[in-house]
Each structure stands twice: as C-alpha cells, then as structure tokens.
Protein chains: 2
Amino acid sequence: MDQLLANIKIQVNDKIYVKDPETSALGRKIIGNSLIIMDEIGFDNFTFKKLGERIGSNESSIYRYFENKHKLLVYLSSWYWSWIEYKLVFATANIPDPLDKLSRALELVTENIEDDLSTEHIDESLLNKIIIAEFTKTFLTKEVDEENKEGFFLIYKRVINRLVDIVKVIDPEYPYAKSLISSIVEGALHQHYLKDHFKTITDCNDKVSPTDYYLDLVKRVLKH
Amino acid sequence: MDQLLANIKIQVNDKIYVKDPETSALGRKIIGNSLIIMDEIGFDNFTFKKLGERIGSNESSIYRYFENKHKLLVYLSSWYWSWIEYKLVFATANIPDPLDKLSRALELVTENIEDDLSTEHIDESLLNKIIIAEFTKTFLTKEVDEENKEGFFLIYKRVINRLVDIVKVIDPEYPYAKSLISSIVEGALHQHYLKDHFKTITDCNDKVSPTDYYLDLVKRVLKH
DNA sequence: CTTTTTTGATAGTAATACTATTACATTTGT
DNA sequence: ACAAATGTAATAGTATTACTATCAAAAAAG
C-alpha cells in the first residue's frame with residue numbers, strides 16, 4: 001500500500017484551485033507549509049502573507065494557486081478525505097464479514113493518524129490535527145450550497161456513504177444509517193478535540209480513544 | 001414558565017462582555033439585531049460596522065459592549081445554553097422515572113426551537129439557527145484554552161453534565177456517558193445543518209427529526 | 001533557441017478591525 | 001439644586017487583511 005500511494009495521485013476537484021498545487025515545487029511548498037502554519041497559529045490567523053514570508057515567496061504567487069484561504073482549506077480537506085477513502089477501500093477489500101469490515105472502516109475514520117511517509121510534501125498527522133480543528137469551517141459558510149453544487153464536498157459525502165452501505169448490509173432494518181455514520185465521522189473529530197481541550201465532557205483520553213467509544217456504540221446500536 | 005422567564009435574567013459570564021448589553025436599550029438592540037444580521041449574512045461576513053449601520057449607531061459604540069465579534073458570538077452562545085439549561089431544569093423537575101427524564105432532556109437539546117415570546121429582545125428561533133451554523137466557531141480557535149479557563153464555556157459544559165448525570169442513573173455501567181452526551185448535543189446541531197444543506201448524508205428531513213434519531217439511539221445504547 | 005508559462009517584485013485599493021480623543025447626556029451624592 | 005462622576009456617542013485615524021494589476025525575470029517546453 002505504501003508503494004502504491006507513492007504512484008497514485010490523490011484527485012481533488014479542479015474547481016477548488018486556480019492552478020493545481022501538485023504540479024509544481026512552489027505548489028507543493030504552499031501545501032506543506034500551509035499545514036505547518038495553520039497548525040501553529042490556526043486557520044483564523046493564517047494569511048497568505050505569512051505563508052509567503054515563510055516559503056520565501058510573494059503573496060501574489062500564492063494567489064495564483066488558490067483564490068483565498070478558504071479554498072485552500074477546502075483543498076486540504078478534500079485531499080484528506082480522498083486519502084481516507086483510498087485507505088478505506090484497501091482496508092475493507094476482501095473482508096467477507098460485514099461486521100469486521102465496518103470495524104476496520106470505523107477505525108480508519110475515527111483513529112488518531114500518523115504520518116504516512118509515502119507522500120512527501122504532506123504530513124498526514126499534521127493534516128489530521130488541522131481537520132480536527134478546522135474541517136467544519138469549510139462548510140459552515142454562507143456559500144455552502146453553491147460550493148456543494150460545485151462538488152467541493154463530494155469525496156467527504158462518498159466516504160460517509162461507503163460506511164452507510166456497510167451498515168445497511170449488517171442491519172437492513174436500521175432506519176438511521178446515514179445519520180449514524182455522519183454523526184460518527186463528525187463526532188470522532190469532535191471527541192478528539194474535546195480530549196485535548198474539554199476533558200470534562202468526554203470519556204476519551206490517553207487510554208480510551210474515540211475509536212473505542214464508537215466501536216462500542218455501533219455494537220450496541222446495530223442488530224447483528 | 002413563560003411568566004417566570006420574563007422576571008428572570010439569563011446570567012452570562014461577565015468576562016465575555018465589556019458592558020452588560022442587558023442594561024441598556026442600545027445593548028438590547030445590539031443583541032437583537034446581531035441575530036438578524038448574522039442570520040442574513042453569516043458570522044464570517046458580519047461586522048460591527050454593518051451592525052452599527054442597521055441600528056443607527058456608531059461602530060465604536062458597539063465596541064463599548066463587546067471587544068470583538070467573536071466575544072459577541074460567545075455571548076450569544078452562552079445566553080443560548082443558559083436558556084436551554086433553564087428550560088432543562090424545569091422540564092425535568094419532578095419526573096421520577098429517569099428514562100422519562102432523559103427523553104424530555106434530549107428533546108430539549110435536539111429539537112427545533114420556536115421563539116419564546118417571554119424574552120422581548122431575543123428571537124430564540126433565530127438564535128437557534130445561528131447556534132446550529134456558528135456555535136462550533138466559538139471554541140474552534142487558538143484561544144480556546146484560555147477562554148475555557150476564564151469560564152466562557154461553563155454553561156455549555158454544565159448542560160452536558162446534567163444530561164450525563166441522568167444517563168448514569170439509568171445505566172451506571174455504561175462507560176461512555178460523557179462522550180455519548182457531548183456527541184449527541186453537538187451531533188444534533190450537525191444533523192439540523194445536514195438536513196438543510198447535505199441531505200444525502202442524513203436521514204433527517206421534514207418528517208424525521210434529529211430528536212427521533214437520538215431518542216432511538218439512546219434507547220438502543222443504554223441498558224434499562 | 002525561442003516561445004510560452006511560471007514566478008517574483010512593486011504598487012495600489014477597499015474593507016476590516018480596531019483605538020484615541022473629545023463632546024454630550026444622564027445619574028448621583030451632598 | 002448643582003457639581004462631580006459616570007455613561008454614551010461621534011469623529012477621525014491606524015494597522016492589517018484580502019485582494020488586484022502590472023511588468024520584468026526566470027524556467028520550462030516545444
């Protein structure tokens with residue numbers, strides 16, 4: 001799988017960027033360093049000027065790749081979910097037992113992520129931290145419906161529906177498969193955040209992970 | 001209850017504001033109209049200048065009440081959760097059966113909210129819409145830990161823990177009461193948002209509410 | 001080796017997010 | 001009743017943000 005990923009390009013909707021950042025050294029520098037700065041100062045304080053200073057490039061050069069920082073965040077999120085989907089498809093292929101399949105899939109979308117060394121310019125563990133703290137901001141905007149129509153969130157929705165399909169095999173009678181999965185995927189990010197910032201309203205900590213909580217939840221909810 | 005609320009002031013941590021907006025006509029205008037504008041253009045596009053123009057007041061006058069728009073949003077959220085807590089305490093008082101109690105409590109935190117006419121300057125249904133779209137932005141910031149220490153999120157955490165206490169009476173053996181409740185309260189807001197903007201990843205719609213989904217979930221998860 | 005594409009530097013604009021100062025209005029203590 | 005203290009509003013100004021336009025230099029492609 002590591003080998004494979006090195007040769008496969010994560011596809012991102014081309015309406016999200018002005019120029020594909022994967023096609024140049026500057027583009028890859030923009031992606032890699034935007035992760036570092038966003039992690040350091042957060043998305044709200046992040047500016048193209050600060051990014052430009054860090055990579056020794058001009059602000060205007062960055063605008064050649066992304067219209068604004070919102071689109072950059074949408075790009076990073078798309079890349080993230082595309083990468084998750086890729087891992088999901090491989091991790092669940094050839095697993096005959098659907099319950100087993102769901103567990104593997106849930107682990108993937110709820111676990112803490114370590115850097116996948118096969119992609120050079122992106123540190124996935126850093127990206128995961130940014131997704132936890134910033135992902136909801138990609139769609140909690142006034143432009144959400146237009147951007148949704150343009151397909152900005154397609155991969156995310158496809159990941160959710162892949163999990164929904166597995167749930168439907170396990171318990172075809174369960175009437176809330178979509179809500180269950182969408183609340184798990186979103187909720188896992190939230191529990192990771194609570195674990196770091198609001199310890200009094202979560203059971204997750206160093207020993208108990210969001211994955212533990214959700215695997216147990218699904219076992220209780222679905223008839224099998 | 002309606003009568004009572006008219007005489008009771010919702011208490012909000014005084015570190016959130018510069019001057020308590022409930023103490024003057026301008027303050028109440030700021031609160032009431034900020035809801036309308038935020039609903040119209042969203043938090044991200046909201047500015048004190050636009051608010052000032054709408055209420056026929058100067059930008060700088062608004063800064064006398066709130067340091068910045070983030071603090072205003074924190075204030076609105078605090079007010080919201082305080083109001084929810086108030087309703088929660090009343091709705092669950094004198095209900096002997098804990099399962100019944102939990103259902104009532106869950107209904108309150110997950111349902112669609114209509115305007116409570118007993119508070120004049122705040123339209124709760126509008127506030128609810130804003131909480132659905134903007135609440136996570138109050139804590140998904142780099143300042144979250146400091147602000148949490150200052151008690152900005154106390155009421156929210158208290159609401160969660162009130163529900164957790166009921167769960168613990170129902171099923172003392174269940175090991176994830178906090179995560180369950182925190183993910184329900186957050187998840188309900190999320191499901192409301194999905195219902196309006198991402199219909200393909202939720203089962204909630206005009207006929208099925210987030211409340212239905214979560215009442216069913218809790219029934220399946222807790223032993224009783 | 002020349003044309004096209006990409007990048008970088010400079011400059012500029014409009015909007016945002018404030019702060020400082022001052023004047024006017026209202027309340028309060030004696 | 002009236003001066004002092006406090007609250008409220010308006011004006012003006014600054015630094016930063018979020019861009020856009022232009023042009024020259026460098027790199028890559030044909």
Side-chain angles (χ1 to χ4, degrees), chain A residues 14-34 37-38 40-76 121 134 137-138 140-143 146-147, chain B residues 14-34 37-38 40-76 121 134 137-138 140-143 146-147:
Chain A
D14 61 15
K15 281 179 187 154
I16 295 171
Y17 49 73
V18 181
K19 176 182 155 69
D20 186 351
E22 302 260 9
T23 61
S24 78
L26 178 62
R28 289 184 292 271
K29 254 165 96 183
I30 288 172
I31 300 304
N33 286 279
S34 66
I37 303 182
M38 275 192 208
E40 270 174 32
I41 64 175
F43 178 72
D44 298 343
N45 301 315
F46 173 90
T47 67
F48 280 180
K49 192 170 192 177
K50 287 172 188 169
L51 175 59
E53 274 160 22
R54 171 164 196 122
I55 63 178
S57 255
N58 199 277
E59 201 187 348
S60 62
S61 303
I62 299 161
Y63 279 102
R64 290 223 177 74
Y65 288 85
F66 295 100
E67 265 178 63
N68 49 49
K69 68 174 181 172
H70 170 250
K71 289 273 177 77
L72 171 55
L73 185 62
V74 172
Y75 178 89
L76 295 174
H121 61 298
E134 321 287 3
K137 295 174 190 169
T138 61
L140 293 178
T141 68
K142 270 287 150 179
E143 298 77 33
E146 296 153 47
E147 295 191 346
Chain B
D14 60 15
K15 281 177 187 154
I16 295 171
Y17 48 73
V18 181
K19 177 183 157 66
D20 185 350
E22 302 260 9
T23 62
S24 77
L26 178 63
R28 289 184 292 271
K29 253 164 98 182
I30 289 172
I31 300 305
N33 287 278
S34 67
I37 303 183
M38 274 192 207
E40 269 174 32
I41 64 175
F43 178 72
D44 298 344
N45 301 316
F46 173 90
T47 68
F48 280 179
K49 194 170 190 177
K50 287 173 188 168
L51 175 59
E53 274 161 22
R54 172 166 195 118
I55 62 178
S57 254
N58 201 276
E59 202 186 349
S60 62
S61 304
I62 300 161
Y63 279 102
R64 288 236 172 65
Y65 290 85
F66 295 101
E67 264 180 63
N68 50 50
K69 69 173 181 172
H70 170 252
K71 289 273 177 78
L72 171 56
L73 185 62
V74 172
Y75 178 89
L76 295 174
H121 60 298
E134 321 287 3
K137 295 174 189 169
T138 62
L140 294 178
T141 68
K142 270 287 150 180
E143 297 77 32
E146 298 152 46
E147 295 190 346

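Letters A, B, ... mirror the listed sequences (proteins, then strands); counts begin at 1.
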Within the sub-3.5 Å range, which N or O atoms of nucleotides 21-25 of chain C have a protein N or O partner, and how far apart are they?
none

Please list, pair by pair, any protein nitrogen or oxygen found under 3.5 Å from a nitrogen or oxygen in nucleotides 16-20 of chain D.
{"residue": "dC19(D)", "atom": "O5'", "partner": "Y63(A)", "partner atom": "OH", "Å": "3.2"}
{"residue": "dC19(D)", "atom": "N4", "partner": "E59(A)", "partner atom": "OE1", "Å": "3.4"}

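Qualifying side-chain hydrogen bond (donor to acceptor under 3.5 Å, both in side chains) partners for D20(A), counting only residues two or more places apart in sequence or in other chains: K9(A). Residues meeting the side-chain contact (heavy atoms from CB on, under 4.5 Å) test with T138(B), sequence neighbours left out: L73(B), V74(B), S77(B), F135(B), F153(B). Under the rule for a side-chain hydrogen bond (donor to acceptor under 3.5 Å, both in side chains), the partners of Y65(A) that lie at least two apart in sequence or sit in another chain are S24(A).
Contact annotation: K19(B) does not reach the phosphate of dG7(D) (side-chain N/O to OP1 or OP2, under 4.0 Å). Proximity of S61(B) to the phosphate of dT8(D): no side-chain N or O atom is located under 4.0 Å from OP1 or OP2.
Atom CD1 of residue I31(A) and atom CG of residue L26(A) lie 10.0 Å apart, to the nearest 0.5 angstrom. Here the CD1 atom belonging to I62(B) is positioned 5.5 Å from the CD1 atom belonging to I30(B), to the nearest 0.5 angstrom.
For residues 50-66 of chain B, the salt bridge (charged side-chain N to carboxylate O under 4.0 Å, His left out) pairs, not counting sequence neighbours, are E40(B)-R54(B).
Atoms CD1 (I62(A)) and P (dA9(C)) sit 12 Å apart, rounded to a whole Å. As rounded to whole Å, 16 Å separates atom P of dT6(C) from atom CD1 of I55(A). Atom-to-atom, CG of L51(B) to P of dA9(D) comes out at 12 Å; the value is rounded to the nearest Å.
The two residues E134(A) and L140(B) have their closest heavy-atom pair at OE1-O, 4.5 Å.
Comparing S24(B) and N58(B) by the nucleotide of DNA chain D whose heavy atom lies nearest to each, the residue mapping closer to the 5' end is S24(B).
In terms of modelled atom types and a separation under 3.5 Å, the side chain of K142(A) and the main chain of N45(B) share no donor-acceptor contact.
The residue F66(B) sits apart from the nucleic acid: no heavy atom pair falls under 4.0 Å.
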